[in-house]
Amino acid sequence: MSEVVKLAVTDRCAVVTIDSPPVNALSAAVRRGILERVEAANVDAAVDCIVIACAGRTFVAGADITEFGKPPQSPSLNEVIAAIESCGKLVIAAIHGTALGGGLELALGCHFRVATNDAKLGLPEVKLGLLPGAGGTQRLPRAVGPEFAVKMIVTGEPIGAAEARERGLIDDIVERPADGAIAFAKRVVAERRPLLLLRNDDSRLADARADRSLFTAAAAAATKKARGMNAPLACAEAVSWTLDTPFDDALKRERETFLKLVVDDQSKAQRHAFFAEREAVKVQGVPVGVKPRPVERVAIIGAGTMGGGIAMAFANAGIPVTLIETGEAQLTRGLGMMQKNWEATAARGGIAADEPGRRMVLIDGKVGLEHIRDADLVIEAVFETMAIKKDVFTAIDAHAKPGAVLATNTSYLDINEIAAVTRRPQDVLGMHFFSPANIMKLCEIVRADKTAADALLTAAAVAKRIRKTPVVVGVCHGFVGNRMLAVRGLQGEALLKSGALPEQVDAVITRYGLPMGPFAMGDLAGLDIGWRSRQDRGIRWDIADAICEAGRLGQKASKGYYRYEAGSRAPISDPEVEKIIDDTCRRLGLTRRAIDDQEILERMIYPMINEGARILEEDIAARPSDIDVIWLYGYGWPIHRGGPMFYADQVGLKHIVGRLEFYADHLNEPALRPAALLARLASEGATFASLNAAKSDR
Ligand code: T1G
């Protein structure tokens with residue numbers, strides 16, 4: 001009998017307990033175990049009802065994602081659920097933690113569901129480029145109605161127990177899952193309530209079948225943000241079958257659609273992203289037994305856009321913050337921005353109306369660096385010049401208590417140089433947040449040469465506490481993300497010289513799936529930032545500099561690579577820009593030519609992949625999948641493309657090497673010559689994924 005699924009009979013109730021850590025995923029062994037146990041309980045005369053429960057921290061968190069793409073093993077989840085539905089006894093699911101994907105589908109196959117108050121219930125398959133493949137698209141609408149079901153399934157967002165009961169997804173909220181389920185089952189038997197299966201209950205579909213418009217509107221609203229992804233549309237279509245297709249036919253079509261999506265590149269990319277994120281948080285190269293330092297109080301220096309956003313991220317996680325500025329005026333402005341942001345979120349219903357006040361209370365605004373003395377973690381977010389950073393770190397060193405972790409939010413600068421101005425470089429590292437820092441999920445944790453292992457673990461642990469994804473990287477100019485961004489920027493400049501226009505390049509990049517192209521993004525951030533940084537380093541980008549010299553600094557000047565109407569952020573092509581490009585190229589003796597979209601895509605993305613390979617060669621990133629996580633959560637890389645290094649494997653490294661060599665020769669750009677690692681992997685027929693596997697404990 002199964003080891004991962006146990007059976008115990010109490011008071012004529014069979015409790016089937018799944019015990020397969022860490023999240024009771026429905027592996028083949030678990031599916032077999034449930035089937036065995038349910039069949040055994042069904043024929044046991046001493047049993048009246050069956051409870052499906054889980055041991056450990058959560059109910060079933062879904063199918064076992066590691067099994068996807070491998071030969072299917074029976075029984076399938078549909079077979080397990082069919083066995084539950086055809087068993088003649090009352091079956092009830094006892095939920096705690098999360099009931100997700102196949103886990104919720106299993107529960108939807110039961111007659112009743114109870115859950116603990118903190119439970120979360122959802123069908124997140126769409127986040128893996130899939131749709132629920134074991135009846136979720138047909139049973140959930142019968143539980144909560146098709147309009148709400150399509151929203152849950154297309155967004156993949158879970159709901160809490162209270163809302164689940166209110167909407168009819170669960171029948172009751174209980175203290176202790178199994179005991180509560182047994183008590184509920186006893187009441188059902190005592191009250192002789194009918195044992196109705198969702199597959200046979202179309203009562204919640206009647207309105208939508210009578211008037212389809214509500215459902216159509218809900219499906220349209222839910223799929224609005226599909227942006228080139230197949231799964232959201234497939235999910236909405238499957239739910240629509242509840243309105244016009246018999247249950248078993250729809251179940252069959254759902255399965256066929258699932259099998260199509262599971263082999264699709266988009267789902268492979270999204271499954272890669274799922275595991276890449278979980279690998280990234282595992283800090284490499286830390287001796288066993290090293291523990292993070294305790295962090296209760298945090299001080300943030302600078303209440304500007306970044307400092308304010310970082311402080312909000314801490315307060316959002318309930319962690320008190322001392323926010324330090326050089327003067328009252330700056331402090332008041334910073335605090336005002338934060339209050340306004342939270343109030344805007346509350347106005348949109350993103351947080352409760354009283355939350356802005358509650359979170360502002362956690363922010364203690366101060367003027368003067370002496371106020372960092374009690375902090376366990378100090379995060380500096382001041383102006384991005386080395387001189388100012390060094391001054392501030394000298395002062396931090398004077399005031400911070402021994403053992404405090406000292407982090408800089410620099411986006412580019414050499415953290416070894418910053419650490420060297422302190423007497424405790426072992427406590428110094430980078431915590432590079434992304435704007436807006438209260439929203440963006442990524443935090444690059446930059447390990448400097450002398451950073452202590454426990455300081456590193458402390459920063460990673462704090463990042464997770466404020467719901468960020470920490471990725472550890474090494475010190476170089478721009479670390480991982482911005483270093484690759486600079487290479488893309490350089491190619492953007494080169495493409496304009498070759499003959500492309502900003503709007504053509506941006507269109508290719510947004511069609512690929514990124515939220516914005518490089519030129520519109522430059523205009524949003526302000527072109528003077530890059531211009532100043534190039535001047536500091538004595539670098540000239542002819543066209544970009546000419547645009548700035550013409551006073552076109554971006555949205556803040558109502559013109560940059562595009563022009564902007566007053567009060568609008570919509571980029572408008574401007575013939576003036578084409579003239580600047582033409583004049584600059586004529587002055588440089590360059591002839592521009594027609595450029596097709598494929599060349600633009602290759603010259604935008606392949607050099608980034610090449611730089612990614614160099615970053616791996618230099619151990620600035622530990623794994624190719626870390627680079628993917630950085631681009632997915634820091635730069636809006638489309639999740640259904642998996643990240644630049646995953647994409648490289650899909651395109652084929654040999655092809656990319658060939659194209660880079662072609663461009664290096666024809667554009668006379670030695671920098672495009674393939675990196676040694678990339679060339680080696682390509683010649684060996686190997687992949688970046690093989691490097692991930694080598695570094696993973698999976
Ligand atoms: N399969 C395999 N491994 C899983 C897993 C799963 N479903 N869920 C988590 N893990 C591993 C994870 O890789 C990590 O491993 C460890 O468990 C802890 O996870 C038929 C098709 C449940 C909210 O999409 O959202 O059902 O790194 O670090 O932060 O229709 O895990 O330690 O080696 O994330 O506390 C649908 C996926 C599947 C839910 C817990 N289900 N999981 O979060 O821990 S498709 C999902 C989560 C499906 C059916 C279809 C989260 C969590 P390691 P963790 P956490």
Side-chain angles (χ1 to χ4, degrees), residues 4 18 20-31 34 54 56-70 72-73 75-81 95-109 118-140 152-153 155-160 231 234-235 238-239 251 254-264 267-268 270-284 441 460-461 463-465 467-470 623 625 629 639 692-693 695-698:
V4 288
I18 302 160
S20 178
V23 293
N24 292 312
L26 290 160
S27 63
V30 169
R31 296 193 307 270
I34 299 171
C54 286
R57 63 190 173 113
T58 181
F59 190 75
V60 176
D64 186 338
I65 306 168
T66 63
E67 288 186 353
F68 293 161
K70 296 178 183 148
Q73 297 177 57
S76 70
L77 182 52
N78 273 326
E79 287 163 334
V80 173
I81 295 172
I95 296 167
H96 74 290
T98 57
L100 300 175
L104 181 55
E105 291 175 301
L106 181 72
L108 288 166
D118 63 349
K120 289 250 181 278
L121 301 91
L123 295 175
E125 285 86 345
V126 71
K127 296 185 180 179
L128 299 169
L130 301 167
L131 90 175
T137 67
Q138 303 308 304
R139 291 190 181 88
L140 183 69
M152 273 186 79
I153 295 175
T155 63
E157 292 308 321
I159 60 173
C235 286
V239 177
L251 207 60
E254 179 197 73
R255 191 78 204 145
E256 288 156 8
T257 308
F258 177 84
L259 293 173
K260 234 189 308 163
L261 291 173
V262 81
V263 293
D264 186 85
S267 179
K268 289 177 185 161
Q270 289 175 258
R271 291 175 349 235
H272 163 75
F274 177 86
F275 288 116
E277 185 185 351
R278 280 149 186 83
E279 283 302 309
V281 299
K282 295 171 187 164
V283 181
Q284 304 253 306
K441 215 172 154 188
K464 276 190 264 179
R465 271 171 68 191
R467 296 190 278 277
K468 302 293 180 194
T469 297
R623 299 157 273 234
S625 61
V629 170
I639 191 97
N692 291 331
K695 290 271 173 124
S696 161
D697 57 8
R698 203 167 290 286

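In each ligand, atom 1 is the first atom listed, and ligand 1 is the first ligand listed.
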What pair of heavy atoms forms the shortest contact from R271 to V262, and how long is it?
-> NH1-O, 2.9 Å

Which atoms of ligand 1 are found less than 4.0 Å from any heavy atom of P22?
-> 16 (C), 17 (O)

What one should report as the nearest heavy-atom pair of R255 and N78 is CD-ND2, 3.6 Å

What atoms in ligand 1 come closer than 4.0 Å to a heavy atom of K282?
-> 27 (O), 33 (O), 53 (P)

Proximal atoms of ligand 1 relative to F258 (non-hydrogen, under 4.0 Å) | 21 (C)

Taking every non-hydrogen atom, the tightest pair across V80 and R31 = CG2-O, 3.7 Å

Can you list the atoms of ligand 1 that are under 4.0 Å from a heavy atom of E105?
-> 20 (C), 30 (O), 49 (C)

Heavy-atom proximity to atom 24 (O) of ligand 1 ranks first, among G102, S267, P124, for P124

Is the closest heavy atom of G133 to ligand 1 under 4.0 Å?
-> yes

Stepwise, does the side-chain contact (heavy atoms from CB on, under 4.5 Å) test hold for N692 with E279?
-> CA-CA 9 Å; N692 291 331; E279 283 302 309; over 6 Å; no

Using a 4.0 Å heavy-atom threshold (strictly under), name the region of I65 that reaches ligand 1: side chain, backbone, both or neither.
-> both

side-chain contact (heavy atoms from CB on, under 4.5 Å) between T137 and C235: does it pass, once the steps are laid out?
-> CA-CA 7 Å; T137 67; C235 286; 5.9 Å; no

Does T58 approach ligand 1 within less than 4.0 angstrom via side chain, backbone, both or neither, non-hydrogen atoms only?
-> neither

If you measure from each non-hydrogen atom of A63 to ligand 1, which part falls under 4.0 Å: side chain, backbone, both or neither?
-> both

Can you list the atoms of ligand 1 that are under 4.0 Å from a heavy atom of D64?
-> 1 (N), 2 (C)

For T98, which of N24, V23, T58 qualifies under side chain to side chain contact (heavy atoms under 4.5 Å, CB included)?
-> T58

Pair up each side-chain donor or acceptor in residues 118-133 with any protein partner under 3.5 Å, not counting sequence neighbours, and list the distances.
unit_1: D118; atom_1: OD1; unit_2: T116; atom_2: OG1; d: 2.7
unit_1: K127; atom_1: NZ; unit_2: E157; atom_2: OE2; d: 2.8

Would L140 and V239 count as a side-chain contact (heavy atoms from CB on, under 4.5 Å) if you check the C-alpha gap in whole Å, the side-chain angles of each, and the deciding distance to 0.1 Å?
-> CA-CA 9 Å; L140 183 69; V239 177; over 6 Å; no

Hey, is F68 touching ligand 1 through its side chain, its backbone, both or neither, going by heavy atoms under 4.0 Å?
-> side chain

Under 4.0 Å from a heavy atom of L128: give me the atoms of ligand 1 that qualify, with their elements.
-> 24 (O), 38 (C), 45 (S)

Output the list of atoms in ligand 1 that are nearer than 4.0 Å to some heavy atom of F275, sorted by atom number.
-> 13 (O)

Proximal ligand 1 atoms for P132, defined as those under 4.0 Å from one of its heavy atoms | 30 (O)

Is K127 near ligand 1, meaning one of its heavy atoms is under 4.0 Å from it?
-> no

So is E125 polar-close to ligand 1, meaning N/O to N/O under 3.5 Å?
-> yes

So, the side chain of R278 versus the backbone of F274: is there a donor-acceptor pair under 3.5 Å, distance only?
-> yes

Quick look: E279 vs ligand 1, heavy-atom contacts under 4.0 Å, and the answer is neither

List the steps, then state whether salt bridge (charged side-chain N to carboxylate O under 4.0 Å, His left out) holds for K70 with E67.
-> CA-CA 6 Å; K70 296 178 183 148; E67 288 186 353; over 6 Å; no

Inter-residue atom distance E79.CD - I34.CD1, 0.5 Å rounding | 13.0 Å

Mind checking whether R57 contacts ligand 1 via backbone (N, CA, C, O), side chain (CB onward), both or neither, at a 4.0 Å heavy-atom cut-off?
-> side chain

